[in-house]
Amino acid sequence: MTGPVLLSPPDVGALEESYVLRALRSGWVAPAGPELAEFEREVAARVGTGHAVAVSSGTAALHLALLALGTGPGDVVLVPTLTFAATANAVRYTGAEPVFVDCDPATGNVDVALLADLLDRLTADGERVAAVIPVDLFGTCVDYASLLPRCEAAGVPVVEDAAEALGATYRGRPAGSFGRAAALSFNGNKIITTSGGGMLVSDDADLVDRCRYLATQARQPVLHYEHTEIGYNYRLSNVLAALGRAQLCRLDAMMARRRELRERYAKLFAAVGGVRLLGDHDPGSNCWLTVVVVDPVEAGWDVIDLAAHLRARQIETRPVWKPMHLQPVFASARAALTGAAARLFARGLTLPSGSALTEPQISRVLETISEFLEARR
Ligand SMILES: *Cc1c(COP(=O)(O)O)cnc(C)c1O
């Protein structure tokens, strides 16, 4: 064995080094500078939105989008229960209440029919729903053709949480281009990374301007430091933007690596009863993380057994996100549930999916899984 195999390690090399060095040598070692402006322009072009503002995290982008839509105390925001805590945390930062919605068992993405019913019920009860935040889970887009008309009919804006989905498409349209605004993440484990960072993208120039202002301590455009509102220190560093630009050049190649890996997993599990890959049939997925879902009765084994077998050979896996309605911190939150997210949490496992995995590492993962399956045939 040659050391541990990680789930989704950062994939950085000579190109990133040269871009970061260029930024350092330029003297723009601050949350302002030419790399930032270019990174915003390039990401907006990639996503197909008119505007973008680079920020310190995907969570900050979500927070700003909600603030710009006027979300505050007394409002509710609909959030899928199957997501990373950041989605729901951003809602709480504004003082609004997240209400959780269960998922479609095939993709793990929000159950649109359930969400639409909840939306109707809440608005009929006179509650102000400030936003809906669909999450493109593990890099597979939500069913926007169903979701967007329902939100539009209810007059509720959509903020797309595309933190996991840069590069993905839905019916040919890029993730990040759905809804009033979208949040992207460049955290260390995401499909491209700035070590930590994010971006808010939107076609709405006023909304993006408002977010840029709030992210810069709500500083008025005058020379002396004048403030009429509470702001945030949420801008991304110019040095990290340079790192992001190098990563963006390599996005397509990195997605292709992840897709190839997913196809090898699909082949490996194809003939195994009770086992499927989450959202496997989506050709637009960016294949950020591959998730195997195991029905223990049909398969005759539990996904926890596979995780233990891999861990003993230093191969990292992770459970699917623990649903928000099962989190102690959100125990008192309201939720519309079918049991699908809890079931995926119990039966799902994310497998090593990184584009930086070497061929010997991939072979080791596939052989270790084969060995596990052989022993249970
Ligand atoms: C990673 C992630 C975020 C937050 O991004 P950060 O850059 O880590 O703040 C938000 N939502 C989802 C679904 C994520 O996976």
Side-chain angles (χ1 to χ4, degrees), residues 8 10 31 36 39-40 43 47 52-73 75 77-100 110 130-139 142 157-166 175-176 178-202 207-208 210-218 230-237 240-241 243-244 247 288-289 318 321-324 327-330 333:
S8 181
L36 258 179
F39 188 39
E40 286 171 350
V43 171
V47 170
V53 55
V55 290
S56 53
S57 71
T59 311
L62 286 169
H63 184 198
L64 292 170
L66 291 171
L67 289 173
L69 292 173
T71 312
D75 294 343
V77 176
L78 304 194
V79 174
T81 190
L82 192 61
T83 184
F84 179 52
T87 320
N89 285 344
V91 175
R92 289 291 291 269
Y93 297 166
T94 68
E97 177 199 347
V99 177
F100 298 115
V110 72
V132 169
I133 312 185
V135 177
D136 302 322
L137 202 70
F138 302 121
V142 168
V158 168
V159 174
E160 180 186 1
D161 182 344
E164 303 176 357
L166 178 65
F178 299 94
R180 280 287 299 282
L184 302 170
S185 169
F186 313 125
N187 196 6
N189 61 351
K190 294 283 159 57
I191 193 128
I192 73 166
T193 185
T194 57
S195 70
M199 203 171 289
L200 179 137
V201 290
S202 174
L207 184 143
V208 172
R210 170 91 183 139
C211 291
R212 192 183 298 278
Y213 156 81
L214 288 173
T216 322
Q217 302 283 26
I230 299 298
Y232 303 85
N233 181 8
Y234 274 172
R235 290 311 306 278
L236 185 70
S237 157
L240 298 184
L243 175 53
Q247 288 267 284
W288 174 53
L289 292 182
R318 296 269 180 93
W321 302 126
K322 182 174 179 178
M324 291 304 108
Q327 299 286 356
V329 68
F330 294 118

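Count residues from 1 along the sequence.
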Kindly indicate, with the supporting measurements, whether the criterion side chain to side chain contact (heavy atoms under 4.5 Å, CB included) is fulfilled by F178 and D136.
CA-CA 11 Å; F178 299 94; D136 302 322; 5.7 Å; no
Could you measure the distance from the CD1 atom of I133 to the CG atom of L66? Nearest 0.5 Å is fine.
4.5 Å
Just wondering, do V91 and T71 contact through their side chains at under 4.5 Å, heavy atoms?
no
Nearest heavy-atom contact between A175 and A165 is CB-O, 3.4 Å
Close aromatic pair by centroid cut-off 6.0 Å: F39 and F186
yes
Taking atom CZ of R210 and atom CG of L200, what is their separation to the nearest 0.5 Å?
13.0 Å
If you round to the nearest 0.5 Å, how far is CG of L184 from CD1 of I192?
8.5 Å
Give a yes or no on whether the backbone of R180 and the side-chain of S202 come within a donor-acceptor separation of less than 3.5 Å.
yes
Note, F330 side chain near N89 side chain (heavy atom, < 4.5 Å)
yes
Taking C-beta and beyond as the side chain, do V55 and L236 meet within less than 4.5 Å on heavy atoms?
no
Out of curiosity, K190 NZ to L289 CG, how far, rounded to the nearest 0.5 Å?
9.0 Å
Sequence-distant partners of R318, salt bridge (Lys or Arg N to Asp or Glu O under 4.0 Å), two or more places apart
E316
Which heavy-atom pair separates P157 from A130 by the least distance, and what is that distance?
CG-O, 3.2 Å
Do the non-hydrogen side-chain atoms of I191 and E164 ever get within less than 4.5 Å of each other?
no
Would you check if the side chain of D161 reaches a backbone N or O of P134 as a donor-acceptor pair within less than 3.5 Å?
no
For A60 versus S56, what's the shortest heavy-atom pair and its separation?
CB-OG, 4.1 Å
Check: R235 side chain, R212 main-chain N or O, donor-acceptor pair, under 3.5 Å:
no
Under 3.5 Å, side chain of W288 to main-chain N/O of L166, donor-acceptor pair present?
no
Using only atom types and a distance under 3.5 Å, with no angle test, would you say the side chain of E160 pairs donor to acceptor with the backbone of G179?
no
Please confirm whether the backbone N or O of L243 pairs with a side-chain atom of T194, one donor and one acceptor, at under 3.5 Å?
no
Looking at G198, is its backbone amide N or carbonyl O close enough to the side chain of S185 to form a donor-acceptor pair, meaning the two atoms are under 3.5 Å apart?
no
Rounded distance (nearest 0.5 Å) linking atom OG1 of T59 with atom OH of Y234:
8.0 Å
Contact check, side chains of P323 and L82, non-hydrogen atoms, under 4.5 Å:
yes
Sorted by chain and residue number, the salt bridge (Lys or Arg N to Asp or Glu O under 4.0 Å) partners of E97 (sequence neighbours excluded) come out as R334
Locate the shortest heavy-atom distance separating M199 from A52; write the atom from each residue and the value.
SD-CB, 3.6 Å
Euclidean distance, T216 OG1 relative to Y232 OH, rounded to 0.5 Å
13.0 Å
Check for a donor-acceptor pair, side chain of Q247 on one end and backbone N or O of T193 on the other, with a separation under 3.5 Å.
yes
For A54 against L36, the heavy-atom pair lying closest together
CB-CD2, 3.6 Å
Taking all non-hydrogen atoms of both residues into account, name the closest pair between F100 and A333 and its distance.
CE1-CB, 3.5 Å
